[in-house]
Amino acid sequence: MTHVADAHQLAQVYFQAAVAEAALGEEEQARQRLDAVVALRGYDLLAMARTAAAFVDSLTLVTGNEWVTGKPLAKAMEQTESLDERVPPERALTLRLMSAWSSEDPESFDALFTAAASDPGAADHVRDLFVFALEWAQSKAASAANPQSLVNAVCKALKEHGPSMWAWERPGA
């Protein structure tokens with residue numbers, strides 16, 4: 001059987017499946033599905049990054065600067081250790097991306113992600129945002145969230161931020 005779906009169509013379905021698998025504890029299989037997502041380029045990859053960020057943002061109450069400091073804004077000013085010293089570089093980018101997204105600053109999110117995606121040596125940095133989404137799915141499922149509700153949250157994020165839903169055309173027979 002040959003694949004007739006476009007790369008962005010496969011990536012959307014694989015990301016939904018990866019969230020479901022992560023929620024069910026199938027972490028290794030879920031992470032393998034991310035290959036189709038991070039293989040995307042340009043707008044499609046950025047749209048999938050927005051989807052992952054919107055999905056995580058829908059699961060948590062953490063917002064803005066709390067992502068990069070781990071503390072509410074008032075206490076953040078007391079912190080002396082930088083984000084880059086506390087977490088691996090790929091997670092630092094992910095936390096900065098989530099900070100921009102939850103602050104409703106899509107321009108900063110797009111700029112940060114696009115810069116990382118255009119750097120050939122930053123593949124792990126780009127992938128980590130999607131891994132982070134799977135970690136959140138797994139965490140929420142462990143606290144009694146229904147895996148189906150998590151997939152519904154991904155579908156909602158895809159509808160709002162994912163690659164064009166109008167590009168789903170069946171090939172002719």
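Remember, it's a predicted structure, so these values are computed and weren't measured experimentally.
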Can F113 and L45 be said to form a side-chain contact (heavy atoms from CB on, under 4.5 Å), step by step?
CA-CA 9 Å; F113 189 82; L45 180 59; 3.7 Å; yes

State which residue, out of R96, E90, R91, fulfils the side-chain contact (heavy atoms from CB on, under 4.5 Å) condition with T94.
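The side-chain contact (heavy atoms from CB on, under 4.5 Å) with T94 is passed solely by R91 among R96, E90, R91.
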
Smallest separation among heavy atoms of [X] and [Y], with atom names:
| X | Y | result |
| --- | --- | --- |
| L129 | A52 | CG-CB, 4.2 Å |
| A54 | A157 | CB-CB, 3.9 Å |
| A133 | F15 | CB-CZ, 4.0 Å |

Looking at E135 and K140, is there a salt bridge between them, counting it only when a charged N and a carboxylate O are closer than 4.0 Å?
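No, this pair does not count.
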
Using a strict cut-off of less than 4.0 Å between a Lys/Arg side-chain nitrogen and an Asp/Glu carboxylate oxygen, indicate whether E21 and R33 qualify as a salt bridge.
yes

Tell me whether V62 shares a hydrophobic cluster with V68, the cluster being built from Ile, Leu, Val, Met, Phe, Trp, Tyr side chains joined at under 4.5 Å.
yes

If hydrophobic clusters are built by linking Ile, Leu, Val, Met, Phe, Trp and Tyr wherever their side-chain heavy atoms come under 4.5 Å apart, do V151 and L134 end up in the same one?
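V151 does not cluster with L134.
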
Passing option when H161 is tested against F109, W101, F55 for ring pair (Phe, Tyr, Trp, His ring centres under 6.0 Å)
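One option only clears the test, and that one is W101.
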
The test is side-chain contact (heavy atoms from CB on, under 4.5 Å); show your working for W136 and D57 and say whether it passes.
CA-CA 10 Å; W136 270 94; D57 197 41; over 6 Å; no

Okay, side chain of S99, backbone of L95: is any donor-acceptor separation there less than 3.5 Å?
no

